[in-house]
Amino acid sequence: MSKARLMQGNEACAEGALAAGVRFYAGYPITPSTEIAEIMAEKLPLLGGTFIQMEDEIGSMAAVIGASLTGAKSLTATSGPGFSLKQENLGYAIATEVPCVVVNVQRGGPSTGLPTSPAQADVMQAKWGTHGDHPMIALSPSSVQECYELTVKAFNFAEEFRTVVIMLMDEVVGHLREKVELPESLPVKNRKKPTVSPDRYLPFANDPSLIPAMANFGEGYRYHVTGLTHGENGLPTGKPEVTAKFLKRLTQKFDPYLERIQLWEEANLEDAELIVLAYGCTARPTREAVDAARREGLKVGLFRPITIWPFPSREIAKYKGRKFLVPEMNTGQLVGEVERVFGFEGVERLNRIDGELITVSEILEKIREVMSDVQ
Amino acid sequence: MFSEIAEYFRTETLPHMWCPGCGNGTITAALVRAIKTLGLDQNKVVIVSGIGCSSRLPGYLDFNTLHTTHGRALAFATGIKAAKPELDVFVVMGDGDSSAIGGNHLIHAARRNIDLTAIIINNNIYGMTGGQSSPMTPHDKRATTSPYGNLERPFQLLDLVQAAGATYGARATAYHNQLLSKLIIDAYNNPGFSVIEAISQCPVSYGRRNKFKTPADMLLWQKEHGVTAGRRALEEGDFLIGEVFNKEAPEYTQEYEKLRQRLKGGAR
Ligand SMILES: Cc1ncc(C[n+]2csc(CCOP(=O)(O)OP(=O)(O)O)c2C)c(N)n1
Ligand code: SF4
Ligand SMILES: [Mg+2]
């Protein structure tokens, strides 16, 4: 049995976090993400959890990591300018493998940009915003229902893979109101606890699973956490062989699990001569445009990455020989990943950066244009 | 004697990385002796630090230890304490770490009066990066980035945190080591945000440039200029040692717990 409710995307994200068992939130207000903080401020103390409004986004990210180290599932939400401020500590969480979820409800940029307008301009920042080589998981919902379900998944991935997961939302999806079916329950995962005694515990073990067990502070497993390159025991090291091992495991740790991490939706791909690859809010008009094109007899399909990072390159590589069109609300970010697979030939772009959604007719027109070249 | 406190060290991490004559080592010992005297459960103690020479301190100690990013130690510690108030959280920072890049977190931790024991190791310089001036470098003193003498004035750190809402403030030096230990105990016992300014010597990046020939000269300077309140009038270059202020105010995690309890009772 599930309950249906009318909800806003940000609210669904907050509800998803609660369903996943979030117990700590630290944040700093910023449009268009603030509703998430407001819901957390109301709900967390009722559940025995903690909400804290920090002095800035740098401190918010820090507090979230501190709380997660004590075992609390932890969340923060922000938008462009705040996402920039979080980057140093976001990298810290990745390097120290502390699970947490960071929501970025994207708005127009650069800088203060368009605070109340949508954009998809932080796609590359989500992957490479923090310095150094690192793995990254970022999820991109395109409906309110998905805001709910993906936030649960985001926590599950964060806990299972000991990492930061970014919910890369946008102003449209964050503020949209839609009916949501709240499932009675969704599977919820928790971090793997050590099974060995404290004296044998290695918090950053080169485990065959690539994901070491994590003890929480205060539970008798005393260990060191540092953003310096560290060995299996957590202590800093500059030794090349230890550094190489650590970074290899860190950067490859999602590889055995890609099948579960990489999520996407596809429609009408079988005979499609043109595949429109769209994500987040842009996937909504794209779906309509693809349907309209089909009605016109054009062989067009939709590929919607739900997991943006790691980008499902292998999956789209299957469609060699087809044309691709990538509409996005930026000057062309995720399209680069498609070009990495196929080269520039046959990969078309459709971009809009004025704070307005790309319309169905714009996409349809572009589909017709590309298809006329095909024929 | 080290053997008396060895159980609190990760002895495999020794020898430490600090230069000969650095004040960080004796301050570490003062902290560990305070924890031992307090009889705290090693499993419940968390030591958080930022980035700098002084912030390498937790790595040597056998507690739950967290070496964070430059300036952010108090924000990490706030998350730890707010999520699990039963943990005993000590925060070790450098002067640059706490008062320059981390100044915002310092005043807000004070404003919240969150129950953290902060130890600021003030060597008046950016030690780790080789001797640049910090917000605690005295006026006219030399640093690599103030080669003609520092034009700026330093913070009065304890005044700053007191004005921001901290409820305990004290000062000692690497030289006044027993006093430092005692003050750390008092700071721990204060249920609120406590700051100890531990004046330290960095012979390598500060002393050499400022007419201190040896580390011992710097310790002698601490001995001569550190004055216990009421002992004698403060003269140019002197500073107070001992407890500087001690007040009462609501503590953040206790207030939050009260809120949880109130909500349990159905109140809004
Ligand atoms: C964001 C950031 N900026 C700059 C640095 C470089 N850095 C490392 S330590 C340090 C200064 C440390 O001085 P202080 O906090 O006084 O500690 P000390 O080394 O003197 O103990 C700086 C600027 C850094 N690690 N991170
Ligand atoms: S540079 Fe200065 S503060 Fe750093 S270890 Fe050496 S003496 Fe100590
Ligand atoms: Mg210093």
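Chain A is the first sequence line, chain B the second, and so forth, proteins listed ahead of strands; every chain is numbered from 1.
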Quiz item: In this structure, are over 12 heavy atoms from other groups packed under 6.0 Å from B/Glu152 atom CD?
Solution: no

Quiz item: Is the count of non-hydrogen atoms from other residues, nucleotides or ligands lying under 6.0 Å from B/Glu248 atom CD greater than 12?
Solution: no

Practice problem: For chain A, find which of B/Arg112, B/Glu257, B/Lys81 contributes the most heavy-atom pairs closer than 4.5 angstrom. | Solution: B/Arg112

Self-check item: Among the listed options A/Asn89, A/Asn216, A/Leu235, the residue most often paired with chain B at heavy-atom distances under 4.5 Å
Solution: A/Asn89

Quiz prompt | side chain to side chain contact (heavy atoms under 4.5 Å, CB included) partners for B/Asn190, two or more places apart | solution = B/Thr167, B/Tyr168, B/Ser194, B/Asn246

Quiz item: Which atoms form the tightest heavy-atom contact between B/Ala83 and A/Thr70, and what is the distance?
Solution: CB-OG1, 3.5 Å

Exercise. Using atom types as modelled and distance alone, determine if a side-chain donor or acceptor of B/Lys84 lies under 3.5 Å from a backbone N or O of A/Phe217.
Key: yes

Quiz prompt | Least distance between heavy atoms, A/His224 atom then B/Leu66 atom | solution = ND1-N, 4.5 Å

Quiz item: Given that the side chain runs from C-beta out, which part of A/Pro198 has a heavy atom under 4.5 Å from chain B: side chain, backbone, both or neither?
Solution: neither

Please tabulate, one pair per line, all N/O donor-acceptor pairs under 3.5 Å involving side-chain atoms of residues 41-54 of chain A, not counting sequence neighbours.
residue: A/Glu42; atom: OE2; partner: B/Arg268; partner atom: NH1; Å: 3.3
residue: A/Lys43; atom: NZ; partner: A/Glu15; partner atom: OE2; Å: 3.0
residue: A/Thr50; atom: OG1; partner: B/Ala82; partner atom: O; Å: 3.3
residue: A/Thr50; atom: OG1; partner: B/Arg260; partner atom: NH2; Å: 2.7

Self-check item: B/Arg10, part contacting chain A, at a heavy-atom distance under 4.5 Å
Solution: side chain

Quiz item: Hey, which of A/Gly227, A/Ala72, A/Gly220 has the most heavy atom pairs under 4.5 Å with chain B?
Solution: A/Gly220

Self-check item: Heavy-atom contacts under 4.5 Å, residues 36-59 of chain B to chain A
Solution: B/Gln42, B/Asn43, B/Lys44, B/Val46, B/Arg56, B/Pro58, B/Gly59

Exercise. Count the heavy atoms belonging to other residues, nucleotides or ligands that lie under 6.0 Å from CG of A/Asp133, then report whether that count exceeds 12.
Key: no

Quiz item: Given that the side chain runs from C-beta out, which part of B/Thr13 has a heavy atom under 4.5 Å from chain A: side chain, backbone, both or neither?
Solution: side chain

Self-check item: Heavy atoms from other residues, nucleotides or ligands near CD of B/Gln261 exceed 12 (cutoff 6.0 Å)
Solution: yes

Quiz item: Around atom OH of B/Tyr126, are there more than 12 heavy atoms of other residues, nucleotides or ligands at under 6.0 Å?
Solution: yes

Self-check item: Qualifying residues under ring pair (Phe, Tyr, Trp, His ring centres under 6.0 Å), relative to B/Tyr60, sequence neighbours excluded
Solution: B/Trp18

Exercise. Answer yes or no: is there a side-chain heavy-atom contact under 4.5 Å between A/His230 and B/His67?
Key: no

Practice problem: Could you have a look at A/Gly66, A/Ala62, A/Ala63, A/Ser60 and say which one has the most heavy-atom pairs with chain B under 4.5 angstrom? | Solution: A/Ala62

Quiz item: Does A/Lys248 NZ have over 12 foreign heavy atoms under 6.0 Å away?
Solution: no

Quiz item: Which atom pair, heavy atoms only, marks the closest approach of A/Gly59 to B/Ala75?
Solution: CA-CB, 3.6 Å

Self-check item: Considering all heavy atoms, the nearest B/Asn64-A/Arg222 contact
Solution: OD1-CA, 3.9 Å

Quiz item: Under a 4.5 Å heavy-atom cutoff, which of B/Leu61, B/Ile107, B/Thr69 has the most pairs with chain A?
Solution: B/Thr69

Exercise. Under 4.5 Å, counting heavy-atom pairs only, tell me which of A/Tyr221, A/Phe24, A/Tyr92 racks up the most with chain B.
Key: A/Tyr92

